[in-house]
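Chain letters run A, B, ... following the sequence lines, proteins first, then strands; residues in each count from 1.
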2 protein chains.
Amino acid sequence: MNNTNQSGLAAERRDAIRAMLRERHVARVAELAEGAGVSEATVRRDLAELESRGFIRRVHGGAVSLEDAVREAPFDDKAELAAAEKRRIAEAALQRIKPGDAIFLDGGSTVLALARLLADRDRLTIVTNSLRVAALLAGGGPDMIVVGGEFRRISQTFVGSLTRHAIEPLHVDTAFMGTIGLTAAHGMTTTDPREALTKELIMRNASQVVLLADSSKVGTVSFVAFGSLRDVDVLITDKGIGKTEENRIRKRGVEVVKQ
Amino acid sequence: MNNTNQSGLAAERRDAIRAMLRERHVARVAELAEGAGVSEATVRRDLAELESRGFIRRVHGGAVSLEDAVREAPFDDKAELAAAEKRRIAEAALQRIKPGDAIFLDGGSTVLALARLLADRDRLTIVTNSLRVAALLAGGGPDMIVVGGEFRRISQTFVGSLTRHAIEPLHVDTAFMGTIGLTAAHGMTTTDPREALTKELIMRNASQVVLLADSSKVGTVSFVAFGSLRDVDVLITDKGIGKTEENRIRKRGVEVVKQ
DNA sequence: TTGAATCTGAGCAAAGTTAATCATTATCGT
DNA sequence: ACGATAATGATTAACTTTGCTCAGATTCAA
């Protein structure tokens, strides 16, 4: 990190801070101060400004980028592997879709992997509250209905009362849901109450609910619970899931598919 | 930076300032003053002028270029000109937005050019039925509400009854509308009935309606009429508009701004 | 749970930037 | 060449930005 800023133009410095954060994803205030060649106080003010504009998120001691790094190829084995896992899960989910179906796709990277596989289908109606899914299918493919609402930048989804009203009259054959946390004890959990409300309403309006969650989600608990495991028909995950947790989830009436 | 400008022609100096900014992307007032061989006061005046025309953005201490530095040479004069025209129109529209406003942006390339200029604003709420606008502002910037609905691929917008229901409870200060055709006789026209219905409802829910239409639209008629010229407060267009049509539109009570 | 270390935001003074005003110089049409 | 008009540069008061200090909040480890 050595973008030492010579000209001292505030706007330029903020761009540099954004760039540093995009690249490293997280950084401490002290690092950013050194990188930009200004005091920590100034970096804090910049971060407050950038946060209010939605580019970054403040955390104690530093900040996290909310922008997608260009994902240069420094060969992140772990992310690589996770992406392959997600695609395997998405492929298994594909089996549950019949021609002519109306399906719901919510936010989250695993569900996004499924959307990618559907991009050249027709005879299918997709309902989604995810901007990423919408953008992915904007070029062509199935019919698409987007439920709008307030835009939540962190998850790139639409939430709030407008979203709920938009979902209300819609009924889908199958809802493909993502989750942040999943345990038999706490059920499905996510980070945002508005997100949780949206997910609940979707599950209520679907004949069948398929939960897509790689094994890293299983056993973790997030902030807000949504729905109930009893409403989930199928969980599609990978072989990394623990036997104990798997059995407990099965006992809640969920069919578990390990891909 | 050593473009010291001797000839003393103001227009030439402004071109030089634009060029310096294109090249370096940002520069301080002092640097530009030295490069142009004039006082800082003059540079500030030039920068104000260039900003009002949409070529640059002023920042504390200097300025940022809004023009693409890369300017590859295939030199598509026509597209070049059209894009510049659109940006000039968008820049004029910017004047009609106050901090804290809620505004509507509909589909269409001129309105998209306006969205681009708003990407780093905060203190602003943007409502849109355009996926392109949504994607453009997804990274950061103003608060955003997207009115969803059936996705119409040709225009990359949301239309239909879901969209109408989503718009109904929303009221904005200013609606910035695009159109396919515009004549005094037929009013505003577009290609799709559902699109037309959406536009009408938006105009009804806005305190002020600003129509953005480059002069190529003026005098052409499309398939479905929407709204009435009486509901339009301001038309922002370019100098290519014909005198006759301009006067007829003015007689309908529309303020015409030629950029 | 407690304490040490760290982080944060608020207030403040110094430095830098801006916009407004005004006197001076350049340009233009006749 | 002349006066009218516009552009420029200097001056200054108002505003922004910045770095510093300090009291209170937060984190982490014992």
* Quickly work out the B/D46 CG to D/dT8 P distance and round it to whole Å. => 7 Å
* To do: May I ask you to check whether B/Q208 and B/T174 show a side-chain donor-acceptor distance below 3.5 Å?
  => yes
* To do: Using a 4.0 Å heavy-atom cut-off across all strands, classify A/V43 as base, sugar-phosphate, or nothing.
  => nothing
* To do: Starting from P on C/dT18, measure out to CD on B/E40 and report it in whole angstrom.
  => 8 Å
* **d(CG, A/L47; P, C/dT8) in whole Å** => 9 Å
* Quiz item: A/R45 side-chain donor-acceptor pair to D/dG19 base, under 3.5 Å -> yes
* To do: Check whether any side-chain nitrogen or oxygen of A/T42 sits under 4.0 Å from OP1 or OP2 of D/dG19, and answer yes or no.
  => yes
* Structure fact -> Distance col, row A/L50:CG vs A/R18:CZ, nearest 0.5 angstrom, shows 7.0 Å
* Asked: Separation of A/R13 atom CZ from C/dG16 atom C1', in whole Å?
  -> 13 Å
* To do: Calculate the interatomic distance between A/H60 atom NE2 and D/dG24 atom P; express it in whole Å.
  => 17 Å
* Below 4.0 Å: OP1/OP2 of C/dA10 and any side-chain N or O of A/R44 -> no
* Within less than 4.0 Å of OP1 or OP2 of C/dT18, is there a side-chain N or O belonging to B/R58? -> yes
* To do: Taking only the side-chain heavy atoms of A/A10 (C-beta and beyond), determine which of D/dT18, C/dT8, C/dT18 contains the nearest atom.
  => D/dT18
* Could you tell me whether a side-chain N or O of B/N247 sits under 3.5 Å from a main-chain N or O of B/T244, the two making a donor and an acceptor? => no
* Looking only at atom types and distance, does a side-chain atom of B/R250 sit under 3.5 Å from a main-chain N or O of B/E255, one as donor and one as acceptor? -> no
* Structure fact -> Checking D/dG19, C/dC7, D/dG9 against the side chain of B/A41 (C-beta onward), the nearest is D/dG9
* **Nearest-angstrom distance from the residue atom CG of A/L9 to P of C/dG16** => 15 Å
